[in-house]
Amino acid sequence: MMSADRDIETWHEGMPNLWYVYPMHHVVSFTLVAKRHIEQLKKRFLVNEVCETAFLNIRPYSKPTVLIHPLIYAVGNRLESFVYFTSYCNKTVGFEVADSDALSDQAVSVANCVDALILPSKWAVDAYRRSGVVSNLHIVPHGVPNEFLRERREPENPFLRKLKEIKEKKKYMYILHFLWHSGYRKGVDLVKKAIEEVQKSRENVVLVLVNFWSVPSVTLDFGSEKTINITGFLEDSNKVDLYDICDIYYLFSRGGGFELNGLEAVCRGEIVIAPDKGPWTEYLPQEFLVPTARMVRVFPDNPYHIGLGPEIDVQKAVDKTLDIVDNIDIWRERALNYALKIRQQYTWDAIGEKLINIVSQYL
């Protein structure tokens, strides 16, 4: 147990004193990205990992540079305590996203208390600037592990082998959608509408829906629409196999600061359908995008992300899907060619160099 008044870091003379604060008490998407950052930073620095639930109770007398991921949720309504904490630090740098195009005054107040913020996209930077954030802002996109660079293979996971066998036997075409959380923000209702329309005329199209809300399993539900449900956490190697098995990825999110699944899919040569507004337009080719029907409120009651996000035009997405299904070889070749162009740009090793260079400015 760590004392509230005890400096916890392991410190070596002559090395920069760096803390990385992130959710260690449970696993969320922030945890996974933070672990990738830490892996990269440890190539150059001694990094002390601190849980977000504890850091405001610690007085770091050795004046470290502290990275906080995510900043705004970690601080919350404890702004006074955070300001006091920063007085013990050399510099403070926050990692954040922009789930909508505007921040609340409370979020802006927290963001303006750090020396810098690291955001995953220009979309996010624009949202923070428009909302009144004056701290230094830097862009560090999310990345993909080296596993995403390998050749295709026969899946090792028995569930995924079965998924591939069903596809080949039935001559199915799979549309993939990851539903981590925040169903409305991820646009799962829009996915359902689009699938229902597509399956009216293309009976070979099946939705593969992935979530992490229960124990690992695969079930087939051939009710109103053909759906394969996958639950449970997928290791990178299995996730790559899943992207390879599927044909189209539905990125129908109404909001988000980056949406990593879109990048992962396109790096494996999968065709991604997404609205033409949002951070994903920074890594997707124009031909994968369809018009945005309207800008809508992303969250009804979020205390920090209070703005709008794009809602995809479902009918235009259906039209795009049907064109891809009917001309799959042409679209698949385009997607594979694009994947070969961008994969190396978005490896975590390449992203890590950007991150190290930025963090070095605040040591």
Side-chain angles (χ1 to χ4, degrees), residues 29-30 33 70 72 95-104 107 117-131 133 137-144 175-194 243 248-268 270-300 302 304-321 324 335 338-339 342 345-346 351:
S29 57
F30 294 119
V33 175
I72 295 170
F95 290 91
E96 265 302 340
V97 296
D99 282 337
S100 72
D101 65 0
L103 299 173
S104 68
L117 278 166
I118 296 175
L119 301 163
S121 61
K122 184 178 182 299
W123 164 273
V125 167
D126 290 345
Y128 277 66
R129 285 289 184 235
R130 278 195 306 269
S131 300
V133 174
L137 301 182
H138 303 278
I139 298 175
V140 175
H142 297 329
V144 295
I175 296 178
L176 178 64
H177 180 71
F178 274 82
L179 178 61
W180 281 68
H181 52 72
S182 308
Y184 179 80
R185 182 177 72 79
K186 293 289 185 181
V188 70
D189 57 315
L190 306 175
V191 170
K192 180 175 172 55
K193 288 179 183 177
Y243 284 122
I248 300 170
Y249 188 83
Y250 268 0
L251 201 173
F252 283 14
S253 295
R254 291 179 170 95
F258 189 81
E259 298 302 89
L260 180 56
N261 291 125
L263 176 68
E264 291 177 340
V266 79
C267 282
R268 289 308 296 176
E270 193 167 341
I271 304 148
V272 179
I273 299 179
D276 62 0
K277 292 181 174 63
W280 42 83
T281 64
E282 297 169 35
Y283 59 76
L284 292 179
Q286 184 66 35
E287 60 187 338
F288 286 4
L289 307 176
V290 299
T292 297
R294 62 190 66 83
M295 298 295 288
V296 298
R297 182 76 179 262
V298 178
F299 297 115
N302 189 285
Y304 311 124
H305 302 285
I306 62 171
L308 307 178
E311 185 173 275
I312 198 168
D313 186 317
V314 172
Q315 187 54 54
K316 294 290 175 53
V318 169
D319 294 342
K320 173 76 79 173
T321 304
I324 293 169
Y338 185 74
I342 71 159
Q345 300 175 36
Y346 285 97
I351 300 303

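Numbers for residues simply follow the sequence, beginning at 1.
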Exercise. List the steps, then state whether side-chain contact (heavy atoms from CB on, under 4.5 Å) holds for Val298 with His305.
Key: CA-CA 8 Å; Val298 178; His305 302 285; over 6 Å; no
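- Closest heavy-atom contact between Thr292 and Met295: CG2-SD, 4.4 Å.
- In plain terms, the two heavy atoms of Pro120 and Gly257 that are nearest each other are CG-O, 3.4 Å.
- Using a 4.5 Å heavy-atom threshold, the side chains of Arg297 and Ile306 count as touching.
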Kindly indicate, with the supporting measurements, whether the criterion side-chain contact (heavy atoms from CB on, under 4.5 Å) is fulfilled by Leu251 and Asn261. CA-CA 8 Å; Leu251 201 173; Asn261 291 125; over 6 Å; no
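- Across every non-hydrogen atom of Leu103 and Ala107, the tightest pair is CB-CB, 4.1 Å.
- Ring centroids of Phe258 and Tyr283 are separated by less than 6.0 Å, placing the two rings close together.
- Rounding to the nearest 0.5 Å places CD1 of Ile351 at 10.0 Å from NE2 of His142.
- The minimum heavy-atom distance linking Trp280 with Pro310 is given by the pair CZ2-CG, 3.7 Å.
- Taken to the nearest 0.5 Å, the CD1 atom of Ile324 stands 4.0 Å off from the CD1 atom of Ile273.
- The nearest pair of heavy atoms linking Asp101 to Arg130 is O-NH2, 3.2 Å.
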Set out, in order, the CA-CA distance, both residues' side-chain angles and the distance that settles side-chain contact (heavy atoms from CB on, under 4.5 Å) for Val290 and Asp313, then state yes or no. CA-CA 7 Å; Val290 299; Asp313 186 317; 5.6 Å; no
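- Here Asp189 pairs with Arg254 in a salt bridge; the nearest charged N to carboxylate O distance falls below 4.0 Å.
- The shortest non-hydrogen separation linking Ser100 to Gly307 is OG-N, 2.8 Å.
- Here Leu260 contributes atom CG and Ser29 contributes atom OG; the two are 9.5 Å apart, rounded to the nearest 0.5 Å.
- Separating the OH atom in Tyr128 from the CD atom in Glu96 is a distance of 4.0 Å, to the nearest 0.5 Å.
- For Tyr249 and Phe288, the ring centers are positioned 6.0 Å apart or more.
- The backbone N or O of Ala274 sits nowhere less than 3.5 Å from a side-chain atom of Lys320 that would complete a donor-acceptor pair.
- Rounding to the nearest 0.5 angstrom, the gap separating the OH atom in Tyr184 from the CG atom in Leu190 is 7.5 Å.
- Rounded to the nearest 0.5 Å, atoms CD (Glu259) and CG (Asp99) are 8.0 Å apart.
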